[in-house]
**Student:** 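So that we are looking at the same thing, I have put the structure below in structure tokens.
We name chains A, B, ... by the order of the sequence lines, and we start the count at 1 in each one. Scope of the values below: all heavy atoms of this structure, side chains included, with no hydrogens, waters or symmetry mates. Values in this document were obtained by computation on a predicted structure and should not be read as measured data.
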Amino acid sequence: MLDIRQISADPGPIQQALRNRKDSFSLEAVLAAERELNVLRKSWEALREQRNRLAEEIGRKKKGGEDVSRQMEESRGVNAEIARMESDLRKREDDVRAQLLLLPNIPHESVPVGADERDNPEIHRHGVPRSFSFEALPHWEIGGKLGILDFDRAAILSGSRFSVLKGMGSRLERALSAYMLDRHTHPGRNRPSGKPYQEVSVPLLVRPEMMEGTGQFPKFREESFSVPDDGLFLIPTAEVPVTNLHRDTVIEEADLPLKYVSCTPCFRREAGAAGKDTRGLIRQHQFLKVELVWITRPETSYDDHEELTRDAEAILNDLGLPYRRIALCTGDLGFSSAKTYDLEVWMPAQKVYREISSCSNFEDFQARRAGIRYRPQESKKPRPVHTLNGSGLAVGRTIAAILENFQELDGSVTIPDVLVPYMGGIQRIPPPDS
RNA sequence: GGAGAGGUGGCCGAGUGGUCGAAGGCGUCCGCCUGCUAAGCGGAUGUGGGGUCUAAAGCCUCACCCAGGGUUCAAAUCCCUGCCUCUCCGCCA
């Protein structure tokens, strides 16, 4: 959420940012509503003041045995007036807030202006896609033949876009999750921020306020699964509960940055994705993801964003998967984000790079919504923090990438070296016939 | 799920319906004192709006004592609902 006072002080740049984002939000409408609200609020406050004075006078005089029936009568009148104003005031406040909640974040100046994903510049590539002496199969075929992936039984259990992992497939999921968590929580060197991630396990069902805090609600409500009887929602990413761990609190500056890593299932309705990626593990209603979350100072958040993205890339490097980093342009940027890098892994069967991680700086957009502030050392006035997050990595998609990139002619799949200890020493998933 | 207790400032904790944004303590900060430290003494110390001011400070003012309703001229204080915490019972991975 943006600061309404900041908007009214200088709407120009924000208007431009909205155009760059291809967003149709009307700034004039909120600003007008805000101005009217301010006028009303002032007269309401004046009446409250009058009421407070009368109440005080009544208390004082009554104690002295004086007659106060005139003041009480007057006070009743003022109260009626206040009550009349209040419902209108409330309605207008809710309206302004509702509008502001639909206003997207402003892209950072370093974000390239562009219309859609075709305008996303590539930042760099790592690894060389392997050349196959045979036709590379898509992962769902490899997984089917190996007996480690079963979409048919998943469909019977839960419908489309669900999967069942079996045997080595399930083991691979566990190995990857454990490996990623270990990697990120390892103290390690080369961390400019000076500290490793703290692992957290969090609720998978949250209240709607949490979804609003990180920006999923109100705009993307239809994207989430809900449990209506209890008023709860299944998290679409660990970002939601982890960022909201610090909701409505003030953090001491010395404790920043706070860095968390959390491995959770994620649940998405994929409402707008009918017909896309209908096969395989790429687009599922439920998938496992290791998420990195930072709560940090405004002054360092862009450096931190680079570090976070490198942390995600480190996993791809370790696994030996070819990937590239792209920067999202203004037209492709997510609602809450001020800047986003996507990491895309090479998928040999389709011969394309596919998104496997998305690393964003939200600046104070989420912090305002969720009330996450810090107390700067030099001043005592709390300020909103900056929040960042990124996948490190999406586990389901990583399984797909490993199956495709490391498949062999005989149908077996080689396990990346770093995962072997996590696979009980197994170096490859044996071919179907063995 | 049933029965009870409770939710107050960074923390602990008091608060007969009226001058309470809230006693007291702890913590923190600033001074003083002191070979050093400790102790002691004095003072300051919630958040968010609005106004005043060139600006800061100060001052004035509105809101906030879990949340939302209600009673009342007046609510931290009374009533109702919700949420949360604790204790006991039941159930359970």
**Student:** It should be established whether Arg48(A) places a side-chain nitrogen or oxygen under 4.0 Å from OP1 or OP2 of nucleotide A63(B).
**Tutor:**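 The answer is yes; a side-chain N or O of Arg48(A) sits under 4.0 Å from OP1 or OP2.
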
**Student:** If you measure from the C1' atom in U34(B) to the same atom in A39(B), how many Å do you get, rounded?
**Tutor:**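 Between the two C1' atoms, the distance is 10 Å.
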
**Student:** Checking side-chain polar atoms at under 3.5 Å, does Lys339(A) have a donor or acceptor matched by the opposite partner on Ser360(A)?
**Tutor:**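 Short answer, no.
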
**Student:** What integer distance in Å separates Met210(A):CE from C83(B):P?
**Tutor:**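 Rounded to whole Å, this separation is 15 Å.
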
**Student:** Please state the C1' separation for the pair G24(B) and U81(B) - nearest whole angstrom.
**Tutor:**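 34 Å, rounded to whole Å.
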
**Student:** What distance, rounded to whole Å, do you find between the two C1' atoms, one in G10(B) and one in G68(B)?
**Tutor:**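 Rounded to whole Å, the distance is 27 Å.
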
**Student:** How far does the P atom of G21(B) sit from the matching atom of C26(B), given to the nearest Å?
**Tutor:**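 Their P atoms lie roughly 25 Å apart.
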
**Student:** Let's test this: given Watson-Crick or G-U wobble pairing with both distances under 3.5 Å, identify the partner of U16(B).
**Tutor:**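 Here U16(B) is not engaged in any pair, so there is no nucleotide opposite it.
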
**Student:** Counting only heavy atoms not in Gln427(A), do more than 12 sit closer than 6.0 Å to its CD atom?
**Tutor:**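 Result for CD/Gln427(A): open.
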
**Student:** Using only modelled atom types and a 3.5 angstrom limit, is any donor from either the side chain of Lys63(A) or the base of U19(B) paired with an acceptor on the other?
**Tutor:**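 Pair found.
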
**Student:** Hey, does Asn79(A) reach any base, or is it just sugar-phosphate, or nothing, if we go heavy atoms under 4.0 Å?
**Tutor:**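 Contact class for Asn79(A): sugar-phosphate only.
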
**Student:** I'd like the P distance from C11(B) over to G27(B), given in whole Å.
**Tutor:**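 Pairwise P distance, G27(B) against C11(B), rounds to 16 Å.
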
**Student:** Taking only the side-chain nitrogens and oxygens of Asn52(A), find out if one of them lies under 4.0 Å from OP1 or OP2 of C62(B).
**Tutor:**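 Checking C62(B) against Asn52(A), a side-chain N or O does come within under 4.0 Å of OP1 or OP2.
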
**Student:** Any side-chain N or O of Arg207(A) under 4.0 Å from OP1/OP2 of G82(B)?
**Tutor:**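 No, outside the criterion.
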
**Student:** In whole angstrom, give the distance that lies between atom CG of Leu40(A) and atom P of A63(B).
**Tutor:**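 In whole Å, A63(B) P and Leu40(A) CG are 17 Å from each other.
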
**Student:** For atom CZ of Arg19(A), decide whether the heavy atoms of other residues, nucleotides or ligands shown that lie under 6.0 angstrom number more than 12.
**Tutor:**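 Yes, because the 6.0 Å sphere around CZ of Arg19(A) holds more than 12 heavy atoms from other groups.
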
**Student:** If C65(B) has a Watson-Crick or G-U wobble mate with both distances under 3.5 Å, name it; if not, just say none.
**Tutor:**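 Pairing partner: none.
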
**Student:** Angle class for the Phe162(A)/His285(A) ring planes (parallel below 30°, perpendicular above 60°, tilted otherwise)?
**Tutor:**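 The arrangement is tilted - the two ring planes meet at 30° to 60°.
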
**Student:** Using atom CD1 of Ile4(A) as one end and atom P of G49(B) as the other, report the distance to the nearest whole Å.
**Tutor:**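 Spelled out: CD1 on Ile4(A) to P on G49(B) is 13 Å.
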
**Student:** Taking for each residue the nucleotide of RNA chain B bearing the nearest heavy atom, is the 5' side occupied by Arg60(A) or by Glu49(A)?
**Tutor:**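 Looking at RNA chain B, the more 5' nearest nucleotide goes with Arg60(A).
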
**Student:** Decide salt bridge (charged side-chain N to carboxylate O under 4.0 Å, His left out) for Glu45(A) and Arg41(A); before the verdict, give the C-alpha distance in whole Å, the side-chain angles of both, and the deciding distance to 0.1 Å.
**Tutor:** CA-CA 6 Å; Glu45(A) 280 190 4; Arg41(A) 195 182 277 137; 5.7 Å; no

**Student:** Say we look at G70(B) and A76(B): how far apart would their P atoms be, to the nearest angstrom?
**Tutor:**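 Comparing P positions in G70(B) and A76(B) gives a spacing of 15 Å.
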
**Student:** Tell me the partner of C36(B), counting only Watson-Crick (N1-N3 plus N6-O4 or O6-N4) or G-U wobble (N1-O2 and O6-N3) with both under 3.5 Å; none if nothing fits.
**Tutor:**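 By the stated definition (distances under 3.5 Å), nothing pairs with C36(B).
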
**Student:** Which residue is it: Glu363(A), Arg297(A), Gln366(A)? I am looking for the one with a side-chain contact (heavy atoms from CB on, under 4.5 Å) to His386(A).
**Tutor:**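 So the option named by the test is Glu363(A).
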
**Student:** Could you check how far NZ of Lys42(A) sits from P of C60(B), rounded to whole Å?
**Tutor:**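 Value for this atom pair: 20 Å.
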
**Student:** Are there more than 12 heavy atoms of other residues, nucleotides or ligands under 6.0 Å from atom NZ of Lys91(A)?
**Tutor:**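 Count not over threshold, so no.
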
**Student:** Would you mind reading off the distance between Glu209(A) atom CD and G82(B) atom P, rounded to a whole angstrom?
**Tutor:**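 Result: 17 Å.
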
**Student:** For G9(B) versus G46(B), give the span between their C1' atoms, rounded off to a whole number of Å.
**Tutor:**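 Each nucleotide's C1' atom is 6 Å from the other's.
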
**Student:** C62(B), G48(B), A74(B): which one has an atom nearest the side-chain heavy atoms of Trp44(A)?
**Tutor:**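 Nearest nucleotide to the side chain: C62(B).
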
**Student:** Could you let me know what U45(B) is paired to, Watson-Crick or G-U wobble, both distances under 3.5 Å, or none if it's on its own?
**Tutor:**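 By the stated definition (distances under 3.5 Å), G27(B) pairs with U45(B).
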
**Student:** Could you let me know what G6(B) is paired to, Watson-Crick or G-U wobble, both distances under 3.5 Å, or none if it's on its own?
**Tutor:**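 Per the H-bond distance test, C84(B).
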
**Student:** So, OP1 or OP2 of G48(B): does either fall under 4.0 Å of a side-chain N or O from Arg5(A)?
**Tutor:**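 Checking G48(B) against Arg5(A), no side-chain N or O comes under 4.0 Å of OP1 or OP2.
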
**Student:** Checking side-chain contact (heavy atoms from CB on, under 4.5 Å) against Leu100(A), which of Leu2(A), Val30(A), Asp3(A) comes through?
**Tutor:**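 Running side-chain contact (heavy atoms from CB on, under 4.5 Å) over Leu2(A), Val30(A), Asp3(A) with Leu100(A) returns exactly one hit, Val30(A).
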
**Student:** Without decimals, in angstroms, what is the distance between Met85(A) CE and A63(B) P?
**Tutor:**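 Rounded to whole Å, this separation is 14 Å.
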
**Student:** For a quick check of understanding: with a heavy-atom distance under 4.0 Å over all strands, which category does Leu54(A) fall into, base, sugar-phosphate or nothing?
**Tutor:**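 Nothing, no nucleic acid heavy atom in range.
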
**Student:** If you look at every strand shown and take non-hydrogen atoms under 4.0 Å, does Glu56(A) touch a base, only sugar-phosphate, or nothing?
**Tutor:**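 No contact at all - Glu56(A) keeps every heavy atom at 4.0 Å or more from the nucleic acid.
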
**Student:** Distance check, P atoms only: G15(B) and U52(B), in whole angstrom units.
**Tutor:**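 It comes out at 42 Å once rounded to the nearest Å.
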
**Student:** Report the distance from atom CD of Gln50(A) to atom C1' of G50(B), rounded to the nearest whole Å.
**Tutor:**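 Those two atoms, CD and C1', are 18 Å apart.
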
**Student:** Paired with G90(B) by Watson-Crick or G-U wobble geometry, both distances under 3.5 Å: which nucleotide is it?
**Tutor:**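 Matched G90(B) with nothing under the 3.5 Å cut-off.
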
**Student:** Any side-chain N or O of Arg70(A) less than 4.0 Å from the OP1 or OP2 oxygen of C73(B)?
**Tutor:**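 No, no such contact exists.
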
**Student:** What's the closest nucleotide to the Glu45(A) side chain, out of C73(B), A63(B), G49(B)?
**Tutor:**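 The closest nucleotide is G49(B).
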
**Student:** Just the rounded figure in Å: distance from C1' of C62(B) to CZ of Arg53(A).
**Tutor:**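 So the two atoms are 11 Å apart, to the nearest Å.
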
**Student:** Partner lookup for G58(B), please. Criteria are Watson-Crick or G-U wobble with both distances under 3.5 angstrom; report none if nothing qualifies.
**Tutor:**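 In the structure as shown, G58(B) has U52(B) as its Watson-Crick or wobble partner.
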
**Student:** Does Arg90(A) or Met72(A) map to a spot on RNA chain B nearer the 5' end, using the closest nucleotide for each?
**Tutor:**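 Closer to the 5' end of RNA chain B: Arg90(A).
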
